There are 2 protein chains.
Amino acid sequence: MKNKTPTSDPTPPTADADAARDFDAAERRFLETYDATAFDRPSVTVDVVVLTVRDGELEVALVRRPDHPHKDRWSLPGGFIRLEESLHGAAARVLREKAGLSNVYLEQLYTFGEPGRDPRLRVISIAYVALVDPARLSAVDRAGQVLGRVEVPWRGETGGPVDIESSEGRPYDLAFDHADIVGMAVKRLRGKLDYTPIGFQLLPDAFTLRRLQTVHETVLGRSLNKDSFRRRMLASGLLEATGERETEVGHRPAELYRIIKRSAI
Amino acid sequence: MKNKTPTSDPTPPTADADAARDFDAAERRFLETYDATAFDRPSVTVDVVVLTVRDGELEVALVRRPDHPHKDRWSLPGGFIRLEESLHGAAARVLREKAGLSNVYLEQLYTFGEPGRDPRLRVISIAYVALVDPARLSAVDRAGQVLGRVEVPWRGETGGPVDIESSEGRPYDLAFDHADIVGMAVKRLRGKLDYTPIGFQLLPDAFTLRRLQTVHETVLGRSLNKDSFRRRMLASGLLEATGERETEVGHRPAELYRIIKRSAI
DNA sequence: TTAATAGTGTCTCTGAGACACTATGTG
DNA sequence: CACATAGTGTCTCAGAGACACTATTAA
């Protein structure tokens, strides 16, 4: 028998049937009498960074806060997590209720929980990122919602908060630490673009390679080599030609591509 | 003035001084009367995946659960978050109290919160990863703590739960969804190794390139090209030669290297 | 001396950038 | 026709793998 290290011996939790039965009974009794309110607990919310690329600009969906604290300030759509729903489910619900979107790419980003980030009480927020075709966002133009332009003050994947502006260049002073959350979303997205063509989530079902490149360039904040980009995308095996071409473009029309397995990303 | 889109007009939250004063008063009143217990709230914990590499094996620190539920089962060190501490602070405290470790590499991993992952009540757990030199772990050999060997049943960064075994090969059936959490930690770590030499966090301050390569190979679960590995590490600019060499090795001694900026990773 | 691993020099192969050239739409 | 962008072919350069060769220690 191999015994490489002097750590404590890991005896198994149970040995014979009687002991196991006693143990189960004790656990059952414990669960029945457990007082779920015995400890002070933080509040837990989800906040969703809904990102889109429109006209070569990276934009984020903002909602006006209807209540205190930070009433009337712009903020990320968010909400408290219900006890019976999963984290992902809560994010999807917030997206549906507050931004009128469903069936979009959604992934967990990071959890923010500094004491004092909310003046009311201790709030821990699990941030999610959603990527949406801008055509779907303008279809859901509703009161109290706006798209803010994301200005990234750092290069590459340095990280840090970003500046959010209106289309006229007026700064939006986001509520809470939401500018940090959007910054983290941009950092994450830039990282993913280096090894996946995830930008297609920001485009319609069929798109040209040029459009995909523009999306990548907008997110990355730098221009890319056209030839190399085409080669990489086609070599990834994730795109397939539709056989269709764009129309009415004033130059040679480009082939339209689609993603082979949307779920694979 | 540029007005590219038909979204709602983002008027600023305030206009003149009187309105601003009223607004502040309303917010202050709101904060004073807010009932922090008005909503059902989940419990929030941190769980820490303490990883180390010893003798070419990837290992994780486990503690025996002292209480129900899953009493006496092996699990990740964890604990409830206190209202006044940060998430990172809570993870560092758990590491100190339950594993006797401080001043180690620690980063947030992912947040797990499926309803039903804890039979007591709704528990949301923010998982952290810690990387430790194995010499520091065996120095903290304490009762009710053990190192489990991590067996990864998938290749690359596929992801999924992992199997944990004792050094004799007996499986540890971890409590809750902790096998999934460790799996996520391995996946994250493998991803990071592709573009950073983060493996040095699993080694003493001074180490040979061969040792670093072994650590990378153990985490990645595959062998690496020696020449290429050396070139990449030295080209990264993150390592510097100490001028010292290893001793008593039965062959030509290798140069010892150290990390230039430990905080930069 | 031999065994074993450290470390170097160099060739090849592959993928990215650069760039010239052809293709195909609109006005 | 001109113009603009799509898409291809090919050269070059940089990094990774492969491998031969030298260096240095313990036994």
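In this text, all values refer to a predicted model and were calculated from it rather than measured experimentally. Proteins get letters first, then strands, A, B, ... in listed order; numbering begins at 1 in each.
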**Request:** Would you check if there is a donor-acceptor pair between the side chains of B:Glu244 and B:Thr242 at a distance under 3.5 Å?
**Result:**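 Judged by distance alone, the side chains do not pair up.
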
**Asked** Do B:Tyr257 and B:Glu255 meet the criterion of a side-chain donor-acceptor pair at a distance under 3.5 Å?
**Response**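 Their side chains do not contain a donor-acceptor pair, so the 3.5 Å distance test is not met.
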
**Message:** side chain to side chain contact (heavy atoms under 4.5 Å, CB included), that's the test. Do B:Phe229 and B:Leu212 meet it? Break it down for me.
**Reply:** CA-CA 9 Å; B:Phe229 183 81; B:Leu212 186 62; 3.9 Å; yes

**Asked** Does any N or O in the side chain of A:Thr52 come within less than 3.5 Å of the main-chain N or O of A:Glu59, such that one atom is a donor and the other an acceptor?
**Response**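 A pair under 3.5 Å: no.
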
**Request:** For A:Ser236 and A:Met233, indicate whether the former's side chain and the latter's backbone hold a donor-acceptor pair under 3.5 Å.
**Result:**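 At least one qualifying donor-acceptor pair exists.
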
**Item:** Covered region of DNA chain D, 5' end to 3' end, by chain A [heavy atoms, under 4.0 Å]
**Value:**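 It runs D:dA4 to D:dT10.
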
**Prompt:** Would you call B:Trp154 and B:Lys187 a side-chain contact if the rule is heavy atoms closer than 4.5 Å?
**Reply:**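 Yes - at least one pair of side-chain heavy atoms lies under 4.5 Å apart.
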
Whole angstrom value for the distance that separates [atom2] of [N] from [atom1] of [X]:
X        : N      : atom1 : atom2 : result
A:Asp227 : C:dG17 : CG    : P     : 9 Å
B:Arg230 : C:dT5  : CZ    : C1'   : 11 Å
B:Asn225 : C:dT14 : CG    : P     : 15 Å

**Asked** When you match A:Thr247 and B:Arg210 each to their closest nucleotide on DNA chain C, which lands nearer the 5' end?
**Response**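 First, find each residue's nearest nucleotide; the 5'-ward one identifies B:Arg210.
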
**Asked** Of A:Pro253 and A:Lys226, whose nearest nucleotide on DNA chain C comes first from the 5' end?
**Response**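 Comparing both residues, the 5'-ward one is A:Lys226.
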
**A:Arg252 vs B:Arg245, nearer the 5' end of DNA chain D by closest nucleotide** =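 Looking at the nearest nucleotide for each, A:Arg252 comes out on the 5' side.
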
**Prompt:** With a non-hydrogen cut-off below 4.0 angstrom, is A:Arg232 in contact with a base, only sugar-phosphate, or nothing?
**Reply:**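 Answer is sugar-phosphate: A:Arg232 comes under 4.0 Å of backbone atoms only.
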
